[in-house]
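What follows is one structure encoded as structure tokens, with my remarks underneath.
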Amino acid sequence: MEVKKEIALKNIPTKASQEYRNFPMVPRVVYGKGSFNTLGDILMPKRKHSEAPMIYLVDDVFEGNELINRIPSIFCDQIILISAEEEPKTNQVDALVSMIREKFTELPSGIIGIGGGTLLDLSKAVAIMLTNKGSASEYQGWDLVHKQSIYHVGIPTISGTGAEVSRTTVLLGPEKKLGINSDFTTFDQVVLDPELTKGVPKEQWFYTGMDCFIHCIESLNGTFLNAFSKSYGEKSLELCKEVFLEDISESDSREKLMMASWHGGMSIAYSQVGVAHAMSYGLGYVLGIKHGLGNCLVFQYLEEFYPQGVVLFNKMLSKHQIVLPTGVCTKLSESEMDTMISVAMGMEPLWENALGKNWKSLVTVKKLKAIYQKI
Ligand code: NAD
Ligand code: ZN
């Protein structure tokens, strides 16, 4: 059996398998207000035995919150509170993995991430690295993971990134900010409980929600678009418009944004993001600006690439009276600016999706610099 598996894993992708990508999806999902209460029952059959704990990685914004008491922590389970102040790093993943390995004699039965994209990505990465050797930084890229990860569950508490459905976990490593994109990254189970997103501060709600809106615009206007991505992208965009441009109740809005995030994530699975994401990666790498805000900062100046999207975005900004920071790039040195531009230009698949195979003739250092200077 083992030998067969080895051979299968080393299969070299054929042209057909590259064209017709065989994507994993989240195999199980529970949805609904209060569905968090089913977590104990969901985890029970996944418990290997009492020495193999469930490890809960929880956003520390919930410290002292009643949510912590509702976590079904039994036997030697452990709840680890983690700050989402900074986006996940490869060395943070490595440290968590060695801590878990040292503390427990058995590998955990499961890793459960509770929080926003930051906590979801951390838990995906920890689940992978518990069964794969070396540092998380060695797996940043595409399909470098070859061993099944630990059972892992994603429970979003803020909506927009689509990290709950994606097959990537975006990490800041020593050399690059790049995802671990693999079939083993995708969650085994997701719990979508819109009530958990109560209490998200308004600005943060907007920035993370705009990540979803921008996923839709970039996917729907990309050259990689096909009917699969389009169907999800259109639904997600429709929901985003309801949430950010219409007057609906808060409860409706939480439910709709949670589903918009899901569909937006599904839409980019089979296509790609585009210009805002490529340039936002540069901001994140050099200035540590977080994903959602970074996307907004860039997107406002992308009328050349996404004219209708930018009009809608400006309407959303003004409806919710969001004022984006200014002067963000003014203090950058020449070399920092160059790094930012080269990080952005390095995201080749994103540019190709946005502008086609010929993208290099359309995007110049000068053009990117001019956009960054406005930010
Ligand atoms: P986040 O996880 O960084 O959280 C943002 C802030 O909201 C934090 O301060 C957090 O404490 C707070 N917060 C979360 N839930 C809350 C709640 N219910 N009440 C009050 N405060 C709450 O934000 P995000 O925008 O969801 O995630 C950004 C991260 O997601 C980035 O690291 C980005 O790289 C990653 N990302 C991943 C994917 C993917 O497919 N894996 C896609 C997009 C973005
Ligand atoms: Zn995004």
Side-chain angles (χ1 to χ4, degrees), residues 26 36 57-68 81-90 92-93 113-125 128 140 152 154-173 176-182 185-187 190 193-219 236 254 257-258 260-262 264-269 271-281 283-285 288-296 298-299 347 350:
V26 175
F36 184 75
L57 304 182
V58 185
D59 191 317
D60 71 359
V61 74
F62 295 108
E63 190 168 8
N65 186 292
E66 50 99 36
L67 183 74
I68 303 284
L81 293 173
I82 298 175
S83 163
E85 197 59 43
E86 287 181 5
E87 298 196 332
K89 299 192 172 55
T90 53
Q92 187 185 10
V93 173
I114 305 179
T118 299
L119 266 291
L120 297 181
D121 277 2
L122 264 181
S123 26
K124 289 171 167 184
I128 291 171
Q140 286 178 285
H152 53 303
I155 310 184
T157 65
I158 178 171
S159 300
T161 63
E164 65 280 16
V165 288
S166 72
R167 85 189 269 284
T168 187
T169 158
V170 185
L171 302 174
L172 189 64
K176 55 200 167 200
K177 183 177 174 187
L178 186 62
I180 300 182
N181 298 265
S182 86
T185 310
T186 315
F187 282 115
V190 168
D193 182 344
E195 303 243 289
L196 300 183
T197 66
K198 277 182 181 169
V200 173
K202 183 176 148 188
E203 257 82 27
Q204 189 62 56
W205 164 79
F206 189 84
Y207 299 151
T208 302
M210 284 304 109
D211 188 23
C212 178
F213 171 72
I214 295 168
H215 289 159
C216 298
I217 300 295
E218 292 185 329
S219 169
S236 179
R254 280 194 292 272
L257 192 54
M258 190 160 261
S261 173
W262 182 273
M266 285 300 300
S267 176
I268 44 178
S271 71
Q272 242 315 339
V273 282
V275 182
H277 275 76
M279 295 192 68
S280 175
Y281 271 101
L283 288 174
Y285 189 80
I289 293 177
K290 297 189 77 178
H291 188 82
L293 173 60
N295 283 347
C296 290
V298 175
F299 195 75
M347 310 299 292
L350 284 64

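Atoms within each ligand, like the ligands themselves, are counted from 1 in listed order.
- Looking at V26 and W262, their side chains come closer than 4.5 Å, going by heavy atoms from C-beta outward.
- With a 4.0 Å heavy-atom cut-off, ligand 1 is reached by the backbone of T168 and by its side chain too.
- Side-chain contact check for L81 versus I68: some heavy-atom pair is nearer than 4.5 Å.
- Closest heavy-atom approach to atom 41 (N) of ligand 1 among the candidates D121, T161, L122: D121.
- Remark: distances from the non-hydrogen atoms of G160 to ligand 1 are all 4.0 Å or more.
- Neither the backbone nor the side chain of L120 has any atom closer than 4.0 Å to an atom of ligand 1 (non-hydrogen atoms only).
- At a heavy-atom cutoff of 4.0 Å, ligand 1 is contacted by the side chain of S166 but not by its backbone.
- When the Zn ion (ligand 2) is compared with the N/O/S atoms of H215, atom NE2 turns out nearest.
- Atoms of ligand 1 lying under 4.0 Å from any heavy atom of D211, numbered from 1 in the order shown and given with element: 43 (C), 44 (C).
- Side-chain atoms of S123 come within 3.5 Å of backbone N or O of L119 as a donor-acceptor pair.
- Interface atoms of ligand 1 facing L196, defined by a heavy-atom separation under 4.0 Å, are 18 (N).
- Contact annotation: for D59 versus ligand 1, heavy atoms closer than 4.0 Å belong to the side chain alone.
- Not a single heavy atom of S83 sits closer than 4.0 Å to an atom of ligand 1.
- Here the heavy atom of the protein found nearest to atom 7 (O) of ligand 1 is Q204 CG, 3.5 Å.
- Distances from atom 38 (C) of ligand 1 to the heavy atoms of G115, G209, A163 show the closest one on A163.
- Judged by distance alone, the side chains of S280 and N295 do bring a donor and an acceptor atom under 3.5 Å apart.
- When only modelled atom types and interatomic distance are considered, T185 and T169 share no side-chain donor-acceptor pair under 3.5 Å.
- Among the atoms of H277, an N, O or S atom falls under 2.8 Å from the Zn ion (ligand 2).
- Looking at atom 9 (O) of ligand 1, its nearest protein heavy atom turns out to be A84 CB, 4.6 Å.
- Those atoms of ligand 1 that come under 4.0 Å of a heavy atom in F62, given as number and element, are 17 (C), 18 (N).
- With a 4.0 Å heavy-atom cut-off, ligand 1 is reached by the side chain of P201 but not by its N, CA, C or O.
- Heavy atoms of Y207 come nearer than 4.0 angstrom to ligand 1 in no pair at all.
- Between H291 and H277 there is a side-chain heavy-atom pair separated by less than 4.5 Å.
- The ligand atoms of ligand 1 that sit less than 4.0 angstrom from a heavy atom of G199 are 19 (N), 20 (C).
- Residue D211 approaches the Zn ion (ligand 2) most closely through its N/O/S atom OD1.
- Using a 4.0 Å cut-off between heavy atoms, E85 makes no contact with ligand 1 at all.
- Using 4.0 Å as the threshold, R167 has no heavy atom nearer than that to any atom of ligand 1.
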